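All ligand and atom numbering here is 1-based and tracks the order in the structure. Residues take their numbers from the sequence shown, with the count starting at 1. Because the structure is predicted, anything quoted here is derived from the model rather than measured.
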Amino acid sequence: MTGPEDIGRASRLLFPGVGAFGTAMEVLKRRELVSPLLDYLQAGRPFLGVCLGLQLLFEGSEESGGVEGLGLVPGAVRRFPPAPTRPVPHVGWSGLAAAPGVPLLAGLEESRFYFVHSFRAEAGGPAAAAGWEAACSDYGGAFLSAVARGGVHAVQFHPEKSGEAGLTLLRRFLAGEAGSAAPGALPAAAAAPPLARRLIACLDVRSNDAGDLVVTKGDSYDVRPGGGDVLNLGAPAALAQRYADEGADEVAFLNITGYRESPLADAPMLALLRAASQRVFVPLTVGGGVRALTDGAGVAHSALDVAAAYFRAGADKVSIGSDAVAAAEALLAAGGARSGASAIETISAVYGAQAVVVSIDPRRVYVAAPGDTPHATVRAPRPGPAGEAWCWYQCTVSGGREARDVDVVQLARCAEALGAGELLLNCIDEDGQGNGFDSALVGLVTDAVGIPVIASSGAGAARHFVDVFNATGCSAALAAGIFHRREVGIDEVKRCMHGAGIATRLC
Ligand code: 1PR
């Protein structure tokens, strides 16, 4: 898209939206796109809005109070109300209850689609009376997951990240399948498959001694067992594709040497993301080195520059580790006053909270009694070296090499306050051990925040996923070693979850 005149000339208009409502409207106005866009939409010409591309069709949004939207669809977009059992953003794979008369969605009612958003239009509002409601989903109440009229469609989910079902929808749009003047009556949202608990495959990536970018995996973060070569468990892009094909709901790449090298100079890592995003149609998270840095030529780059490079290469979310601990320390020292300058804040302001994950690398510190430390304690999953029955979780930086006087609850709350949309909660003690997730740790953190938490470290069997989902409110569980070594299949975990009555996306 280069200018307003291109809109009138388009035969199809795909409008993916990223970022905040107010910023997006500002850009549309500055580039004089509002009026040609409205002409195109009012003529009912082929249009597909995605995520923010749906919300902008409404009259306004609570996200940017006072900013008018395009106003094509009556009603306003509001934030999901907070609830202890429903973290916001709403992230993951949810189903649709679709109205008849929308060919784009026909027959896809059994599928789940990938959503990531904090704001939504409620079903049954003014859009219903105007005949726009095409599908709804349930998250503490029915919200509109699709609107349609004639050739104009918009979906709240991301078809480009929704595997085969999403690709089917996109193919239909490109083939020109338009609907009737207005969809039929909307079924109850309860008919839609609910939000699934997610299964994430994680690839720790770094260059090995021969200079090849490889997937590696150690125990308790040691990827050179016995001081030898970096363990090589495969080629990252091929493994990512295998996991997506086998049903992983997301794939995460952690650039584990990013904390000491500039990710902007790491061409193979960026090339890997580009290659993966061309063949993997589920969300991709990338972490490692997201912080302000000065490159070898003495040029300063902000954390936002690093994140932008990752997003341009195909990442959907960036994950911040070491820099988040520094930001939490600064926030605690300032008595909770935000500087606005941290990586979390700057990236979240531009790309939205849903694009910012904070990766936490804690290690247990054992104590005899909770009163022995000012930090938040739990009963230790197993006794400490001197038989201690309690522990707290100390945050680390630089891949676990350096511990800081910040505990997981402090870091999790600071990350949420600064604008992170999700937490990736590792546990160095359990990493690679295969004994199961540390549910005490996961429960401690999920109870402390209102954003989704990904449980990580320690999976050794399919039932370990069931255990952590049953024991805690975590939204997703992540594993690495068991998948890389083919000890447990992704489908096996999904079937085990399904058998235990846990909502999951079966492929
Ligand atoms: O600090 O912003 O540069 O980010 C660095 C990122 O790299 C962090 O997310 C940090 O967790 C990660 N990282 C750094 N060093 C290592 C290492 O292993 N030496 N890997 C590392 C972290 C842990 C998990 C692992 C799970 C599941 N890997 O991601 O995949 O524990 O493993 P399992 O299922 O085999 O038990 P920054």
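Considering Val445, Ile454, Val408 in turn, Val445 is the only one that fulfils the side chain to side chain contact (heavy atoms under 4.5 Å, CB included) rule with Leu423. Partner of Cys391 under the side chain to side chain contact (heavy atoms under 4.5 Å, CB included) criterion, chosen from Val378, Asp429, Val365: Val378. Test Arg505, Lys161, Arg197, Arg198 against Glu250 for salt bridge (charged side-chain N to carboxylate O under 4.0 Å, His left out) and you get one pass: Arg198. Shown are Phe157, Phe143, Phe119; of these, the ring-ring contact (aromatic ring centres under 6.0 Å, His included) with His90 is made only by Phe143.
Taking 4.5 Å as the limit, every side-chain heavy atom of Val318 sits out of range of all side-chain heavy atoms of Val357.
Annotation: Gly321 places an N or O atom under 3.5 Å from an N or O atom of ligand 1; distance criterion only. Looking at ligand 1, you'll find an N or O of Ala480 within less than 3.5 Å of one of its N or O atoms. Looking at ligand 1, you'll find an N or O of Asp431 within less than 3.5 Å of one of its N or O atoms. In terms of polar-atom proximity, Ser457 is counted as a contact of ligand 1, with an N or O under 3.5 Å from an N or O of the ligand. Annotation: Gly432 places an N or O atom under 3.5 Å from an N or O atom of ligand 1; distance criterion only.
From the protein, the heavy atom lying nearest to atom 24 (C) of ligand 1 is Asn426 OD1, 3.2 Å. Looking only at heavy atoms of the protein, atom 19 (N) of ligand 1 is closest to Tyr221 O, 2.9 Å. Atom 14 (C) of ligand 1 has Gly399 CA, 3.4 Å as its closest protein atom, hydrogens excluded (heavy atom only). Considering only non-hydrogen protein atoms, atom 21 (C) of ligand 1 sits nearest to Ile256 CG2, 3.3 Å.
The Ser322 neighbourhood of ligand 1 comprises atoms 1 (O), 2 (O), 37 (P), with distances under 4.0 Å to a heavy atom of that residue. Using a 4.0 Å cut-off to heavy atoms of Leu254, the atoms of ligand 1 that qualify are 9 (O), 29 (O). Each of the following atoms of ligand 1 lies closer than 4.0 Å to a heavy atom of Gly289: 2 (O), 3 (O), 37 (P). The contact set between ligand 1 and Ser359, taken as ligand atoms under 4.0 Å from a residue heavy atom, comprises 8 (C), 9 (O), 11 (O). Residue contact check: Lys217 has heavy atoms under 4.0 Å from atoms 25 (C), 30 (O), 32 (O), 33 (P), 35 (O) of ligand 1. Atoms of ligand 1 found under 4.0 Å from any heavy atom of Gly481, numbered from 1 in the order shown, are 33 (P), 34 (O), 35 (O). Below 4.0 Å from some heavy atom of Asp361 lie the following atoms of ligand 1, by number and element: 8 (C), 10 (C), 11 (O). Taking every non-hydrogen atom of Ala479 and a distance limit under 4.0 Å, the qualifying atoms of ligand 1 come out as 34 (O).
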Show me the donor-acceptor pairs within less than 3.5 Å that the side chains of residues 285-292 make with the rest of the protein, sequence neighbours left out.
unit_1, atom_1, unit_2, atom_2, d
Arg291, NH2, Gly258, O, 3.2
Arg291, NH2, Tyr259, O, 3.1

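Contacts between Asp204 and ligand 1, counted as non-hydrogen atom pairs separated by less than 4.0 Å, involve the side chain only. Only the side chain of Ser456 comes within 4.0 Å of ligand 1, judged by heavy-atom distances.
Looking at Tyr139 and His117, their side chains never bring a donor and an acceptor atom within 3.5 Å of each other. A donor atom on one side chain and an acceptor atom on the other are found under 3.5 Å apart for Ser342 and Glu345. Looking at Asp361 and Tyr221, their side chains do bring a donor and an acceptor atom within 3.5 Å of each other.
The nearest pair of heavy atoms linking Leu203 to Pro236 is CD2-O, 3.5 Å.
We find that Asp431 and Lys217 are joined by a salt bridge, their nearest charged nitrogen and carboxylate oxygen being less than 4.0 Å apart.
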Worked check of side chain to side chain donor-acceptor pair (under 3.5 Å) between Arg364 and Tyr366: CA-CA 6 Å; Arg364 283 184 206 125; Tyr366 293 92; 3.3 Å; yes

Let's go through His375 and Asp405 carefully: what are the C-alpha distance in whole Å and the side-chain angles of both, what is the deciding distance for side chain to side chain donor-acceptor pair (under 3.5 Å) to 0.1 Å, and is it a yes or a no? CA-CA 9 Å; His375 294 291; Asp405 191 26; 2.9 Å; yes

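Look at Gly288 and you'll find a heavy atom under 4.0 Å from some atom of ligand 1. Within the structure, ligand 1 has Gly458 among the residues with a heavy atom less than 4.0 angstrom away.
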